Amino acid sequence: MAIIKKSSNKLPMQNKVLKQILKRCSSLGKNDENLPLDVPKGHFVVYVGQNRTRHIVPISFLTHPEFQILLQRAEEEFGFNHEMGLTIPCEEVVFQSLMSLLR
């Protein structure tokens, strides 16, 4: 499956929203009792695929254009304002392939 790049002028707003999400679902070195214990410092949680499989992703992936495309799709389909965490609208096998390329 090829990923089609789209240009977006929503990047500043998207960055603001992503920072809010990361505060909720990532470990940035803060000792917060509400954060999952299995998320290492510098990572965040995403849910992928029809079954909403949980994945722990390095924050550094946010700078990759391919991952940013997934974030745009997530915003378009689900929005960023929900409590479950960041949901990526992508088949899990495609997501895992992309993650292996970014590592």
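Predicted, not measured: the structure shown is a model, and the values here were computed from it.
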Could you measure the distance from the [atom1] atom of [X] to the [atom2] atom of [Y]? Nearest 0.5 Å is fine.
X   : Y    : atom1 : atom2 : value
E75 : L86  : CD    : CG    : 10.5 Å
F61 : L102 : CZ    : CG    : 5.0 Å
E66 : L98  : CD    : CG    : 6.5 Å

Would you name the heavy atoms of [X] and [Y] that are closest together and state the gap between them?
X   : Y   : value
F95 : V57 : CZ-CG2, 4.0 Å
T87 : A74 : O-CB, 3.2 Å
Y47 : R52 : CD2-O, 3.5 Å

Are [X] and [Y] side-chain neighbours, meaning at least one heavy-atom pair lies under 4.5 Å?
X   : Y   : value
F44 : V39 : no
L71 : I88 : yes
D38 : R54 : yes

* **Set of side-chain hydrogen bond (donor to acceptor under 3.5 Å, both in side chains) partners for E77, sequence neighbours left out** =>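 Scan of E77 (side-chain hydrogen bond (donor to acceptor under 3.5 Å, both in side chains), adjacent residues dropped) gives none.
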* Results of side-chain hydrogen bond (donor to acceptor under 3.5 Å, both in side chains) for T53 - residues two or more places apart only ->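 Expected list: E92.
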* Keeping the roles fixed (side chain from H43, backbone from K41), state whether a donor-acceptor pair exists under 3.5 Å. =>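 At least one qualifying donor-acceptor pair exists.
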* Asked: So, does E91 use its side chain to make a donor-acceptor pair with the main chain of G49 at under 3.5 Å?
  ->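 Absent.
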